Amino acid sequence: MAFWLMKSEPDEASIDDLVRLGRLPWTGVRNYQARNFMRDAMQLGDGVLFYHSSCPQPGVAGLAEIASGTVPDETQFDPASPYFDPKSSRDAPRWLQLDVSLVRKTRLLPLAEMRTAPELATMQVLQRGNRLSITPVTAAEWRAVLKRLDRASA
DNA sequence: GCCAACGTTGGC
DNA sequence: GCCAACGTTGGC
C-alpha cells in the first residue's frame with residue numbers, strides 16, 4: 001500500500017465534485033514522470049491526498065483512494081479537448097487515466113500551513129520548483145498529514 | 001499579472 | 001547529444 005498526492009485545479013475537478021460523484025476519472029496528466037507513476041507504481045487501494053492547486057486556497061482538501069487500474073486517457077484522442085495530443089494514437093496511446101474514489105472530504109489543510117509544519121517538510125509537493133501533478137507520499141508523511149487534519153484549522 | 005523553475009522542442 | 005528558445009505550472 002502506497003500513498004500519493006494528486007493535484008487538481010478545483011475549477012476542473014474539486015473535492016466537492018468527488019463528494020458529489022463518489023468517483024472521478026483522473027484525466028489530463030501530460031507529464032511522463034506522473035504518467036509513469038500511474039503506469040508502474042500506483043495500485044488499487046493506494047491512499048491519495050486530494051490537493052487543490054492553482055486556486056485562491058491551495059492545499060489538501062480531502063482523502064481518496066485509487067479505484068481502478070489504468071486505461072488510455074480518452075481526452076488525448078479528442079481534438080476538442082484541451083488535453084488533445086495530436087502525436088498520440090489509439091495504437092500507441094501515450095497517456096493514461098485511472099479512477100479515484102472518495103474516502104472523505106477533510107478540512108482544508110492550506111499549503112501555507114503545510115510549509116510551517118516541520119513533520120511535513122520532506123513532502124515533495126513542498127520542495128522548491130516542484131511542478132509534478134502526482135507525487136509519492138511516505139507512510140510517515142501520510143500519518144502526519146492525517147494527524148494535522150484532525151486539528152482545528154488555525 | 002508576475003516570475004521562478006522546470007519540461008519539451010527542435011536546430012545544429 | 002547539446003542547448004537555446006519556448007511553453008507550462010503554480011504560488012503569490
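Being a predicted model, the structure only gives us computed values, none of them experimental. Just so we're on the same page: letters track the sequence lines, and every chain starts at 1. For the numbers below, each heavy atom of this structure counts, side chains included, while hydrogens, waters and symmetry mates do not.
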*Name every residue in residues 47-55 of chain A that has at least one heavy atom under 4.0 Å from any atom of DNA chain C, in order of residue number, or write none if there are no such residues.*
A:Y51, A:S53, A:S54
Listed partners of [X] passing salt bridge (charged side-chain N to carboxylate O under 4.0 Å, His left out), at least two apart:
X      : answer
A:D99  : A:R23
A:K147 : none
A:E12  : none
A:E74  : A:R90

*Residue pairs involving residues 119-128 of chain A (criterion side chain to side chain donor-acceptor pair (under 3.5 Å); sequence neighbours excluded)*: A:E119-A:R148, A:T122-A:E141
*Which of residues 117-135 of chain A sit near DNA chain B, with a heavy atom under 4.0 Å from it?*
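Only A:R128, A:G129, A:R131 qualify.
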*For A:D16, check side chain to side chain donor-acceptor pair (under 3.5 Å) against everything at least two apart and list the hits.*
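In terms of side chain to side chain donor-acceptor pair (under 3.5 Å), with neighbours along the sequence ignored, A:D16 is linked to A:K105.
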*Of all pairs that satisfy ring-ring contact (aromatic ring centres under 6.0 Å, His included), the ones with a partner from residues 66-87 of chain A, not counting sequence neighbours*: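 Residue pairs passing ring-ring contact (aromatic ring centres under 6.0 Å, His included), neighbours aside: none found.
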*With ILVMFWY side chains joined below 4.5 Å, transitively, what does A:Y32's cluster contain besides itself?*
A:W95
*Other cluster members, A:L126 - Ile/Leu/Val/Met/Phe/Trp/Tyr, side-chain contacts below 4.5 Å*: A:M1, A:F3, A:L5, A:L49, A:Y51, A:V60, A:L63, A:V103, A:L109, A:L111, A:M114, A:L120, A:M123, A:V125, A:V137, A:W142, A:V145, A:L146, A:L149
*How are the rings of A:F50 and A:W26 set to each other: parallel, tilted or perpendicular (split at 30° and 60°)?*
perpendicular
*Along DNA chain B, first and last positions that approach a heavy atom of chain A under 4.0 Å*: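 Contact span on the strand: B:dA5 to B:dT9.
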